[in-house]
Participant: 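Submitted below is the structure of interest, expressed as structure tokens.
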Amino acid sequence: MDDPILHTGGCRCGAVRFQAHAEPHHISYCHCADCRRATGAPVSAFVGFRAGEVSLEGKALKSFSNGPAERSFCGTCGSPIAYSDRRLPDRLYFLLGAFDMPAYFRPTQHAYVREQLPFLHMPDGLPRHLKSSVPRPEDGTDQ
Ligand SMILES: [Zn+2]
Ligand SMILES: [Zn+2]
């Protein structure tokens with residue numbers, strides 16, 4: 001009998017938990033300034049699933065919208081949890097570092113390298129996109 005796929009994660013205080021019962025369709029670093037502000041880290045990384053493949057729970061879960069982008073986080077400990085975009089209604093991107101086994105999710109590309117910090121060097125040979133690594137329906141704008 002095959003083990004069903006189950007990836008789990010959560011915030012650092014444990015008030016917010018999430019799970020995904022599929023393999024991700026997207027794993028990417030993001031160098032954009034908006035992610036940098038939201039996480040405080042020089043580079044972020046996201047693991048993308050279809051909305052129907054994931055569940056999120058916890059009364060502490062809060063979110064903040066900036067244009068079409070919505071970021072969720074734990075209202076108790078502040079850990080960033082996920083990112084979604086109104087233009088991609090079927091997608092949810094969890095912060096790679098929020099997973100219980102983050103080493104499982106090896107990024108395959110870099111997004112927004114035109115906003116990459118000048119002292120950050122990641123010579124991994126992965127594809128590097130100047131802007132988003134995921135086309136939006138009406139792209140041409142940021143985020
Ligand atoms: Zn928390
Ligand atoms: Zn970003």
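Numbers for residues simply follow the sequence, beginning at 1. Both counts, for ligands and for their atoms, begin at 1 and track the order of listing. Because the structure is predicted, anything quoted here is derived from the model rather than measured.
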Participant: Is the distance from the Zn ion (ligand 2) to some N, O or S atom of His31 under 2.8 Å?
Facilitator: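 Within the cut-off used here (under 2.8 Å), His31 places no N, O or S atom near the Zn ion (ligand 2).
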
Participant: Could you work out, with side chain to side chain contact (heavy atoms under 4.5 Å, CB included) as the rule, every residue matching His25, not counting sequence neighbours?
Facilitator: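 By the side chain to side chain contact (heavy atoms under 4.5 Å, CB included) rule, His25 matches Arg50, Arg91, Tyr93.
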
Participant: Could you count the protein N, O or S atoms found under 2.8 Å away from the Zn ion (ligand 1)?
Facilitator: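 For the Zn ion (ligand 1), the figure is 4.
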
Participant: Just to confirm my numbers, could you give the angle made at the Zn ion (ligand 2) by SG of Cys30 and SG of Cys35, rounded to 10°?
Facilitator: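 If I round to 10°, I get 120°.
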
Participant: With heavy-atom distances below 4.5 Å as the criterion, would you say the side chains of Arg114 and Lys131 are in contact?
Facilitator: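 Arg114 reaches Lys131 side chain to side chain.
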
Participant: Quiz question: by atom type and distance under 3.5 Å, do the side chains of His129 and His110 form a donor-acceptor pair?
Facilitator: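 No - no donor-acceptor pair under 3.5 Å links their side chains.
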
Participant: Under the ring pair (Phe, Tyr, Trp, His ring centres under 6.0 Å) rule, what pairs show up with a residue in residues 34-66, not counting sequence neighbours?
Facilitator: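 Checked against ring pair (Phe, Tyr, Trp, His ring centres under 6.0 Å) - neighbours excluded - the pairs reaching residues 34-66 are Phe46-Tyr83.
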
Participant: By side chain to side chain contact (heavy atoms under 4.5 Å, CB included), which residues pair with Glu70, not counting sequence neighbours?
Facilitator: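 Per chain and number, Glu70 pairs via side chain to side chain contact (heavy atoms under 4.5 Å, CB included) with Ser63, Ser65, Ser84.
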
Participant: Give me the atom names and distance for the closest heavy-atom approach of Ala15 to Thr76.
Facilitator: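 What the structure gives for the nearest pair is CB-OG1, 4.5 Å.
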
Participant: Can you see which heavy atom on Ser133 is nearest to which on His26, and at what distance?
Facilitator: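 Heavy atoms of Ser133 and His26 come nearest at OG-CE1, 3.2 Å.
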
